Amino acid sequence: MSAAPTAEGTWRTWIDTPVRWAGAAAGVAVGVLVDFSPEPDVQLLYAFPAFGLCVMAGVLAADLIARPRHSWIRVAEVTPRRVRDYAPRALTAFLTAQAMILTVLVVIAASTASADAKGRSGRALAVECPAGSQLLAPWPGLYYAWPALGGVALGALACALLLRRVTLRSQTDDQRRVQARAAVGAWGVVVTAPLFAVSFTMAVVVLSLSCAGVAKIFVLAALALTAFASALSGCHCLGVLLIPQAYTEARP
């Protein structure tokens with residue numbers, strides 16, 4: 001028989017959302033105030049994982065604050081709890097697919113990148129067309145790979161650890177699903193933001209090509225669709241991590 005909600009429990013439940021918002025605000029502040037790179041575009045790519053990690057720290061802090069006080073009577077659960085039982089399956093699968101697309105795009109961009117007009121390697125795309133050669137920049141080459149892929153990998157590790165903690169914690173299933181969805185949403189921002197930046201940058205360069213014919217149309221359409229999908233996913237993930245209760249999936 002469950003006890004009636006106490007004033008302490010109500011306070012802990014109310015403070016959960018403001019703490020997550022504080023983590024997001026800290027992430028924005030870190031991205032603005034900390035100089036990761038003198039290049040504005042690279043600085044932005046570093047700011048994305050910094051924001052996501054700060055949001056995950058906010059989710060962890062909210063989880064610590066919302067931890068229920070143990071009663072004298074403890075009840076053991078026979079069924080083991082698994083991360084996949086609480087993480088949002090559809091969102092996790094979709095974000096994983098986008099992380100793989102980001103990896104493919106970065107590898108393609110890095111393998112085709114050339115030095116730009118200032119002699120900096122991995123910053124431009126050199127193309128030979130019938131009308132003459134073109135050197136188009138910026139191009140997300142190897143110089144951009146570490147902040148993009150490194151941030152996604154670091155965010156995935158932090159998200160996995162946070163999901164494990166949330167799953168093993170002593171709380172209700174609904175609380176676990178809310179916290180797990182917020183953690184995945186934070187990782188989603190780390191994935192979708194660089195994917196949008198990389199796909200949009202590549203699309204602008206492809207659009208500037210004076211040759212390539214029909215292939216240009218197909219590549220441009222694929223990159224534009226990827227950028228659009230990543231932008232929508234990023235907005236959804238922001239909603240998930242800031243107001244996860246509104247996005248909680250119904251489970252059987």
Side-chain angles (χ1 to χ4, degrees), residues 27-28 31-32 34-52 91 93-156 187-238:
V28 173
V32 172
V34 178
D35 292 328
F36 298 100
S37 171
E39 303 290 336
D41 47 354
V42 181
Q43 166 73 12
L44 189 61
L45 287 178
Y46 276 109
F48 293 146
F51 173 80
L91 181 61
F94 191 53
L95 292 176
T96 302
Q98 292 192 69
M100 295 173 63
I101 293 174
L102 174 62
T103 302
V104 171
L105 290 180
V106 170
V107 170
I108 292 175
S111 61
T112 57
S114 303
D116 62 5
K118 297 181 180 180
R120 299 175 299 179
S121 62
R123 310 288 185 98
L125 178 67
V127 181
E128 293 292 336
C129 293
S133 61
Q134 286 185 284
L135 186 64
L136 303 172
W139 182 251
L142 188 61
Y143 190 77
Y144 303 87
W146 161 241
L149 298 184
V152 170
L154 186 60
W187 181 63
V189 174
V190 178
V191 172
T192 57
L195 177 58
F196 174 81
V198 169
S199 58
F200 182 80
T201 302
M202 294 178 73
V204 171
V205 170
V206 171
L207 183 63
S208 303
L209 289 175
S210 61
C211 54
V214 178
K216 171 183 174 179
I217 298 176
F218 283 106
V219 172
L220 184 60
L223 290 172
L225 181 61
T226 300
F228 180 72
S230 62
L232 289 182
S233 301
C235 293
H236 178 76
C237 289
L238 283 173

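Side chains are part of it too, since the values below use all heavy atoms of this structure and drop only hydrogens, waters and symmetry mates. Since the structure is predicted, the reported quantities are computational estimates derived from the model, not experimental observations.
Every residue two or more places apart in sequence or in another chain that forms a side-chain contact (heavy atoms from CB on, under 4.5 Å) with L44 is listed here: F48. Scanning for side-chain hydrogen bond (donor to acceptor under 3.5 Å, both in side chains) contacts around T112 gives W139, with sequence neighbours left out.
The CZ atom of R123 sits 4.5 Å away from the CD atom of E39 when rounded to the nearest 0.5 Å.
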Distance-only donor-acceptor pairs under 3.5 Å for side chains of residues 145-153, two or more places apart:
from : atom 1 : to  : atom 2 : distance (Å)
W146 : NE1    : Y46 : OH     : 3.3

Result block: side-chain N/O donor-acceptor pairs under 3.5 angstrom for residues 93-106, not counting sequence neighbours:
from : atom 1 : to   : atom 2 : distance (Å)
T96  : OG1    : T92  : O      : 2.7
Q98  : NE2    : S233 : OG     : 3.0
T103 : OG1    : A99  : O      : 2.9

Could you tabulate the donor-acceptor pairs under 3.5 Å formed by side-chain atoms of residues 201-212, not counting sequence neighbours?
from : atom 1 : to   : atom 2 : distance (Å)
T201 : OG1    : A197 : O      : 2.6
S208 : OG     : V204 : O      : 3.0
S210 : OG     : Q134 : OE1    : 3.0

Only pairs under 3.5 Å count here: list side-chain donor-acceptor contacts from residues 217-226, not counting sequence neighbours, and write none if there are none.
from : atom 1 : to   : atom 2 : distance (Å)
T226 : OG1    : A222 : O      : 2.8

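For A124 against A137, the heavy-atom pair with the smallest separation is CB-CB, 3.9 Å. Considering all non-hydrogen atoms of both residues, S37 and Y143 come closest at OG-OH, 4.1 Å. For T192 against G234, the heavy-atom pair with the smallest separation is OG1-CA, 3.2 Å. Scanning all heavy atoms of the two residues, the minimum distance from H236 to L91 falls at CD2-CD1, 3.9 Å. S114 and A126 get closest at one heavy-atom pair: OG-CB, 3.7 Å. Between Y144 and P138, the closest heavy-atom pair is OH-CB, 4.2 Å.
Between F36 and P49 the shortest side-chain heavy-atom distance does not fall below 4.5 Å.
Looking at Q43, its side chain never comes within 3.5 Å of a backbone N or O of V32 through a donor-acceptor pair.
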